[in-house]
Amino acid sequence: MLRIKCSFLSAIIASLFFVILPVSKVLSQTLPSFQMQLANGQTYTSKNVLPAKPLVLIYFAPDCDHCTILMDAIFKKIDQFKSSQIVMVTFKPLDEVVDFEKHYQTSKYQNIKVGTEKPMFYFKNYYQLVNTPFTALYDKKGKLIASYKKETPVDELIRQLKMIK
């Protein structure tokens with residue numbers, strides 16, 4: 001009887017594994033619906049993302065050393081990103097977004113949007129993020145091309161962007 005119960009339980013667990021795994025894999029392959037507040041108070045959502053351009057999504061914290069290194073590297077090569085959209089999202093309060101925008105002068109780039117997802121943590125929950133920075137690259141159709149949960153190699157990101165047609 002115990003053997004039957006263990007076999008039944010194993011079958012259920014295995015079934016759940018094969019049902020849940022493909023669903024989470026499919027979810028992570030497309031850009032999730034999201035909403036964030038920009039420094040100017042406006043709302044920016046997944047519906048505002050342009051379908052004809054690749055998207056570089058960066059989840060960051062303005063006070064994170066690794067994020068600062070990434071941002072400095074990106075802004076040194078910002079011309080390489082002009083054919084893409086860059087959406088930078090943080091979980092920090094809006095006043096930190098404003099300071100970040102002033103420091104990097106992101107408002108002078110039309111292809112960059114910076115905002116906070118606070119109080120709803122769309123990206124943090126969707127990607128199950130624990131650390132920053134997190135970077136994801138999506139093609140023109142919203143399909144995930146690459147993601148980086150730790151250090152983001154900027155030259156690799158640029159190379160990936162150039163391959164998107």
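Starting from 1, each residue takes its place in the sequence as its number.
Among residues at least two apart or in separate chains, ring-ring contact (aromatic ring centres under 6.0 Å, His included) pairs with a member in residues 31-54 are F34-F123.
Closest of all the heavy-atom pairs between K92 and P62 is CG-CD, 3.5 Å. Summarising the geometry of P54 relative to S83, their closest heavy-atom pair is CD-O, 3.6 Å, with the distance given to 0.1 Å. The two atoms that bring T90 and F60 nearest to each other are OG1-O, 2.8 Å, heavy atoms only. When every heavy atom of C67 is checked against every heavy atom of P133, the shortest pair comes out as SG-N, 3.6 Å. When every heavy atom of K77 is checked against every heavy atom of I158, the shortest pair comes out as CD-CD1, 3.8 Å. Nearest approach of A39 to V98, heavy atoms of both residues: CB-CG2, 3.8 Å.
With M88 as the partner, the side-chain contact (heavy atoms from CB on, under 4.5 Å) test is satisfied by one option alone out of K113, M36, E101, M71: M71. For the side-chain contact (heavy atoms from CB on, under 4.5 Å) criterion with I112, the lone passing option out of V56, V87, I78 is I78.
Here the straight-line distance linking atom CG of L55 with atom CG of L144 works out to 10.0 Å at 0.5 Å rounding. One distance of note links NE2 of H66 with CG of N131; it measures 8.5 Å at 0.5 Å rounding. Put simply, OG1 on T135 and CG on L70 are 5.0 Å apart, with the number rounded to the nearest 0.5 Å. The line from OG1 of T68 to NE2 of H103 is 7.0 Å long, rounded to the nearest 0.5 Å. Separating the CG atom in L161 from the NZ atom in K82 is a distance of 13.0 Å, to the nearest 0.5 Å. With rounding to the nearest 0.5 Å, the separation of OG1 in T106 from CZ in F75 is 6.0 Å.
Between Y127 and F134, the gap from one ring centroid to the other is short of 6.0 Å.
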(request) Check step by step if side-chain contact (heavy atoms from CB on, under 4.5 Å) holds for L129 and F121. (result) CA-CA 10 Å; L129 300 175; F121 299 107; over 6 Å; no
(request) I would like to know whether I58 and T152 meet side-chain contact (heavy atoms from CB on, under 4.5 Å); could you show each step before the answer? (result) CA-CA 10 Å; I58 303 170; T152 304; over 6 Å; no
(message) Between Q105 and K108, does the side chain to side chain donor-acceptor pair (under 3.5 Å) criterion hold? Intermediate values first, please.
(response) CA-CA 6 Å; Q105 301 177 349; K108 70 180 185 180; 3.3 Å; yes
(message) Show, in sequence, the C-alpha distance, side-chain angles and deciding distance for M120 and Q35, and conclude whether the side-chain contact (heavy atoms from CB on, under 4.5 Å) test is met.
(response) CA-CA 8 Å; M120 300 296 292; Q35 178 177 320; over 6 Å; no
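For Q85 (side chain) and L50 (main-chain N/O), a donor-acceptor pair under 3.5 Å exists by modelled atom type. Distance alone, capped at 3.5 Å, is enough to place a donor-acceptor pair between the N48 side chain and the T45 backbone.
Other residues, nucleotides and ligands contribute only 12 or fewer heavy atoms inside 6.0 Å of the CD atom of Q128.
By the 4.5 Å heavy-atom criterion applied to side chains, P153 and Y148 are counted as neighbours. Here the side chains of V114 and Y109 are not in contact, with every heavy-atom distance at 4.5 Å or above. The side-chain heavy atoms of F91 and T132, taken from C-beta on, include a pair separated by under 4.5 Å.
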